[in-house]
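Written out below as structure tokens is the structure these notes cover.
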Amino acid sequence: QVQLVESGGGLVQPGESLKLSCAASGLNLDYYAIGWFRQAPGKEREGLSCISNSVSTTNYVDSVKGRFTISRDNAKDTVYLQMNSLKPEDTAVYYCAAVPAPFQDMCVIDVPIYDYWGQGTQVTVSS
């Protein structure tokens, strides 16, 4: 049984930082790419970042590039999203997701290709 569990969300003020974790079980991260997504109320789920399995290729959308950093620790079966300089528009539920072959060596953040999803963790950025 594959399970992805996000944690680390919370309420922060603009400019502060959070580090999200995605703990994986039931799969070997060596064979999956992992993406981070978010969904705000009334909006569609959007891709933010991804990291490939072998060479750790990464990709970011423009809205988070330079502020967010994705990383993975395969030994701990965990993927992280370090979020700095948070803005109110970053408020959303954040999800991690996993995709196997043929996408595991790529870094694609399209929602439809991902097979496994976590339940999400709420991030609220407000003064």
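What you see is a predicted model, and the numbers here were worked out from it, not measured in a lab.
Side-chain atoms of C50 and Y114, non-hydrogen and from C-beta on, do get closer than 4.5 Å to each other. Contact check for V93 versus T121: no side-chain heavy atoms found under the 4.5 Å cut-off. The shortest distance between side-chain heavy atoms of L27 and Q3 does not fall below 4.5 Å. Within the 4.5 Å cutoff, no side-chain heavy atoms of V123 are placed close to those of T91. Side-chain contact between K87 and P14: absent, with no pair of heavy atoms (C-beta onward) separated by less than 4.5 Å. Contact check for L48 versus I109: no side-chain heavy atoms found under the 4.5 Å cut-off. A 4.5 Å side-chain heavy-atom check between M83 and L20 finds at least one atom pair inside the cut-off. Using a 4.5 Å cut-off on side-chain heavy atoms (C-beta onward), W36 and I70 make contact.
Few gaps surround CD on E46; more than 12 heavy atoms of other groups in view lie less than 6.0 Å from it. The 12-atom threshold is exceeded at CD of E89, counting heavy atoms of other residues, nucleotides or ligands nearer than 6.0 Å.
The backbone N or O of F68 lies less than 3.5 Å from no partner atom in the side chain of Q82, so there is not a single donor-acceptor pair. A donor-acceptor pair under 3.5 Å is formed between the side chain of D73 and the backbone N or O of A75. With hydrogens and angles disregarded, no donor-acceptor distance shorter than 3.5 Å links the side chain of E16 to the backbone of S85. No donor-acceptor pair closer than 3.5 Å links the side chain of Q104 to the backbone N or O of Y32.
In the hydrophobic clustering of ILVMFWY residues, with side-chain heavy atoms under 4.5 Å counting as a link, V99 and V111 come out together. Hydrophobic clustering (ILVMFWY, side-chain heavy atoms < 4.5 Å, transitive): L29 and V5 are in distinct clusters.
Taking every heavy atom of both residues into account, L86 and L18 meet most closely at CD1-N, 3.9 Å. The minimum heavy-atom distance linking Y60 with T58 is given by the pair CE1-OG1, 3.8 Å. The minimum heavy-atom distance linking M106 with S52 is given by the pair O-CB, 3.2 Å. Closest approach of C107 and N59 over heavy atoms only: SG-N, 3.4 Å. When all heavy atoms of S17 and V12 are compared, the closest pair comes out as O-CG1, 4.3 Å.
The aromatic rings of F37 and W117 sit tilted, their planes meeting at an angle between 30° and 60°.
Relative to the six-membered ring of Y80, R72 misses at least one condition, a distance below 6.0 Å or an angle of at most 45° to the axis.
Among Q39, R38, Q122, the single residue meeting the side-chain hydrogen bond (donor to acceptor under 3.5 Å, both in side chains) criterion with Y94 is R38.
Considering CG of D105 and OG1 of T57, their distance stands at 8.5 Å, rounded to 0.5 Å. To the nearest 0.5 Å, atoms CG (L4) and OG1 (T78) are separated by 10.5 Å. The distance from atom CD of E6 to atom SG of C96, rounded to the nearest 0.5 Å, is 4.0 Å. The distance from the CG atom of L81 to the SG atom of C22 is 10.0 Å, given to the nearest 0.5 Å. The structure places OG of S25 at 8.0 Å from CG of D77, a figure rounded to the nearest 0.5 Å. Atom-to-atom distance recorded for K76:NZ and S21:OG is 9.5 Å, nearest 0.5 angstrom.
The closest side-chain donor-acceptor pair between D30 and N53, if any, does not fall under 3.5 angstrom.
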